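In what follows, every heavy atom counts, from backbone to side chain, and hydrogens, waters and symmetry copies are set aside. No experiment lies behind these values; they were computed from the predicted model shown. Chain naming here is simple, since letters A, B, ... match the order of the sequence lines and numbering starts at 1 in each.
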2 protein chains.
Amino acid sequence: MLVEGDRPLRSDAAKNRERLLRAAGQVFEAQGLEASVADVARAAGVGMGTLYRRFPSKDALIDALVTGVLEATVAMAEEAAEQPDGLGLEKFLAASASYEAEHVGCLPKVWCNDHELIHVARRLIARLLADAKVHHRVREDLTTTDITLAKWSIRGVLETAGGTNPQIWQRHLDLLIAGMRPAGDKLPHRPVSQAQVDRIRYSSQADPCVS
Amino acid sequence: MLVEGDRPLRSDAAKNRERLLRAAGQVFEAQGLEASVADVARAAGVGMGTLYRRFPSKDALIDALVTGVLEATVAMAEEAAEQPDGLGLEKFLAASASYEAEHVGCLPKVWCNDHELIHVARRLIARLLADAKVHHRVREDLTTTDITLAKWSIRGVLETAGGTNPQIWQRHLDLLIAGMRPAGDKLPHRPVSQAQVDRIRYSSQADPCVS
DNA sequence: TCGTAAACGGAGTGAAAACTCCGTATTGTC
DNA sequence: GACAATACGGAGTTTTCACTCCGTTTACGA
């Protein structure tokens with residue numbers, strides 16, 4: 001998944017790599033993704049050379065953070081799948097929102113579509129949704145793309161509010177889940193097709209989001 | 001509201017000002033706010049000097065766009081207030097989402113809290129919400145901060161998906177409104193206080209959002 | 001039509017930030 | 001303990017981009 005393909009890292013290099021990732025998360029959360037790499041290096045207590053030896057570009061550094069979030073997301077989806085009674089979907093949404101709240105820094109780059117792990121997560125979410133329907137936890141006309149939109153929306157709340165305050169995303173998730181509950185009427189508009197979602201490349205950045 | 005305090009603009013200057021605003025909207029939508037001002041000037045067909053004579057900084061240009069969106073938002077809220085039967089809130093949410101979808105470029109800077117017009121809009125929204133409650137269109141435990149979160153969430157969807165496709169935000173708004181509908185149970189978590197919302201300064205940019 | 005105040009274009013400037021280079025230091029193996 | 005191989009720091013390079021300056025042009029009242 002990461003750039004290092006060959007032999008294991010020397011111990012100091014491995015330690016600095018972790019430091020850099022941790023520092024990058026903090027700096028990007030505090031200043032946004034336009035924070036300078038020099039700031040990240042300083043926060044990590046290493047030199048620029050070290051940063052660039054480990055991550056060939058700023059984009060690669062961000063991508064490593066994104067990959068971490070996505071791996072955690074997939075893990076949470078797998079764990080939620082073991083929840084009985086069709087409550088896995090809700091559990092997953094809460095768990096991943098909570099995790100994202102702690103990693104706000106790289107969120108703008110997380111839910112673009114280029115990343116392999118996103119497709120893995122999406123398949124798992126589809127199963128969670130199906131299970132929730134079997135147990136009549138959610139309305140019949142709910143689709144996986146609705147869940148995708150819900151995740152984008154939580155990201156919007158987290159990015160605006162910062163990840164500090166759990167109340168904020170919890171209350172918003174309450175509202176979303178209330179909207180997902182079974183109801184007599186269908187949602188007024190047609191669901192968004194998966195193809196439409198796939199076509200989106202996250203336009204608010206000019207460059208493709210994974211380096 | 002705008003920087004020009006004195007005499008009216010000469011005709012060519014006024015024309016170029018409009019061109020610049022239109023071009024800025026398009027360029028920022030296509031490339032994000034980190035697009036260069038040179039690109040904006042080129043798209044508008046004017047020189048750098050003209051841009052900077054009209055808008056003293058890039059931030060001021062963005063702020064002019066933001067002000068336009070907020071003025072439209074206030075106008076839409078006022079219009080929605082005339083809707084009978086407590087449907088004004090839903091009408092407003094749909095109208096403002098539709099408008100924002102056409103002005104995705106500057107959205108990242110719109111819903112920070114520093115702008116005077118935001119408070120105006122918020123007061124209008126509070127009245128729309130109260131009216132919706134009187135007519136039992138929404139649940140009793142819904143608060144104005146919930147609407148604020150809903151607007152942030154729509155912004156998240158629009159920013160990710162781009163403003164091009166109305167289906168996307170409509171379907172998401174369907175879900176939100178379904179969650180707002182009257183129900184037997186209360187939402188699990190406590191509502192977010194207005195003070196908490198006011199404390200947020202939109203952290204994903206380091207600088208304060210209005211120049 | 002003429003004069004002037006206002007506006008125009010766009011090359012030039014300075015700062016900021018991504019990325020490189022290389023002399024020095026550290027790790028881990030024989 | 002010595003010696004490669006690997007990693008380290010941080011000053012220097014290059015590029016990008018916001019912003020300025022000034023000679024030329026345009027609008028518009030008299």
Side-chain angles (χ1 to χ4, degrees), chain A residues 2-21 23-24 27-28 30-65 105-106 109 205-211, chain B residues 2-21 23-24 27-28 30-65 105-106 109 205-211:
Chain A
L2 288 168
V3 203
E4 335 285 344
D6 296 333
R7 69 188 79 257
L9 287 175
R10 225 170 73 175
S11 65
D12 51 349
K15 193 184 65 186
N16 282 335
R17 187 174 187 283
E18 291 313 308
R19 275 192 193 177
L20 278 165
L21 284 174
V27 170
F28 290 146
Q31 305 183 34
L33 286 176
E34 59 287 350
S36 72
V37 288
D39 273 358
V40 172
R42 200 173 313 122
V46 305
M48 297 286 287
T50 302
L51 190 155
Y52 274 92
R53 202 167 312 103
R54 215 44 62 205
F55 303 98
S57 68
K58 183 180 181 180
D59 262 9
L61 173 60
I62 293 171
D63 190 41
L65 288 173
C106 61
K109 295 272 191 175
Q205 298 287 105
D207 47 354
C209 86
V210 172
S211 58
Chain B
L2 287 170
V3 205
E4 335 286 344
D6 297 331
R7 69 189 80 258
L9 288 175
R10 224 170 72 174
S11 64
D12 51 349
K15 193 184 66 185
N16 281 336
R17 187 174 186 283
E18 291 311 309
R19 275 192 192 177
L20 278 165
L21 284 174
V27 170
F28 290 146
Q31 305 184 34
L33 286 176
E34 60 285 351
S36 71
V37 288
D39 274 358
V40 173
R42 198 173 313 123
V46 305
M48 297 283 288
T50 301
L51 190 156
Y52 274 93
R53 202 167 311 102
R54 217 44 63 204
F55 304 98
S57 69
K58 183 180 180 180
D59 262 9
L61 173 61
I62 294 171
D63 190 42
L65 289 173
C106 61
K109 295 271 192 178
Q205 297 287 104
D207 48 353
C209 87
V210 172
S211 59

So do B:R17 and B:L9 actually touch side chain to side chain, heavy atoms under 4.5 Å? yes
Reported NZ-to-CG distance for the pair A:K109 and A:L65, which is rounded to 0.5 angstrom: 12.0 Å
Distance, rounded to the nearest Å, where A:E18 contributes CD and D:dA7 contributes C1': 16 Å
With 3.5 Å as the limit, what N/O pairs link the protein to nucleotides 16-18 of chain C?
from	atom 1	to	atom 2	distance (Å)
C:dA18	OP1	A:K58	NZ	3.0
C:dA18	OP2	A:V37	N	2.9

Return a single string for nucleotides 24-30 of chain D, one symbol per nucleotide in 5' to 3' order, where B is base contact, S is sugar-phosphate-only contact and - is none, cutoff 4.0 angstrom on heavy atoms. --BSS--
Can you pull out the residues from residues 39-46 of chain B that lie within a 4.0 Å heavy-atom distance of DNA chain C? B:G45, B:V46
Rounded interatomic separation in angstrom, taking CZ from A:R17 and P from D:dC8: 12 Å
Below 4.0 Å: OP1/OP2 of D:dA7 and any side-chain N or O of A:T50: no
d(CG, A:L20; C1', D:dA7) in whole Å: 13 Å
Given atom CG of B:D59 and atom P of D:dC17, what is their separation to the nearest angstrom? 16 Å
Looking only at non-hydrogen atoms, find the nearest pair between A:C106 and A:L33 and report the distance. CA-CD2, 4.4 Å
Nearest-Å distance for atom pair CZ/P, residues A:F55 and D:dA7: 13 Å
In whole angstroms, the gap separating P of C:dT20 from CZ of A:R54 amounts to 15 Å
Expressed in angstrom and rounded to an integer, what is the separation of B:R53 atom CZ from D:dA18 atom P? 18 Å
Separation between NZ (A:K58) and OH (A:Y52), nearest 0.5 Å, reads 8.0 Å
If I take atom CG in residue A:N16 and atom P in nucleotide C:dT26, what distance separates them, rounded to the nearest angstrom? 13 Å
Smallest heavy-atom separation, A:R54 atom then A:A13 atom, equals NH2-CB, 3.5 Å
Quick one: closest heavy-atom pair of B:A64 and B:F55, and the distance? CB-CE2, 3.8 Å
Show me, pair by pair, the donor-acceptor contacts under 3.5 angstrom made by side chains of residues 36-51 of chain A, not counting sequence neighbours?
from	atom 1	to	atom 2	distance (Å)
A:S36	OG	A:D39	N	3.1
A:D39	OD1	A:R42	NH1	2.8
A:D39	OD2	A:Q31	NE2	3.2

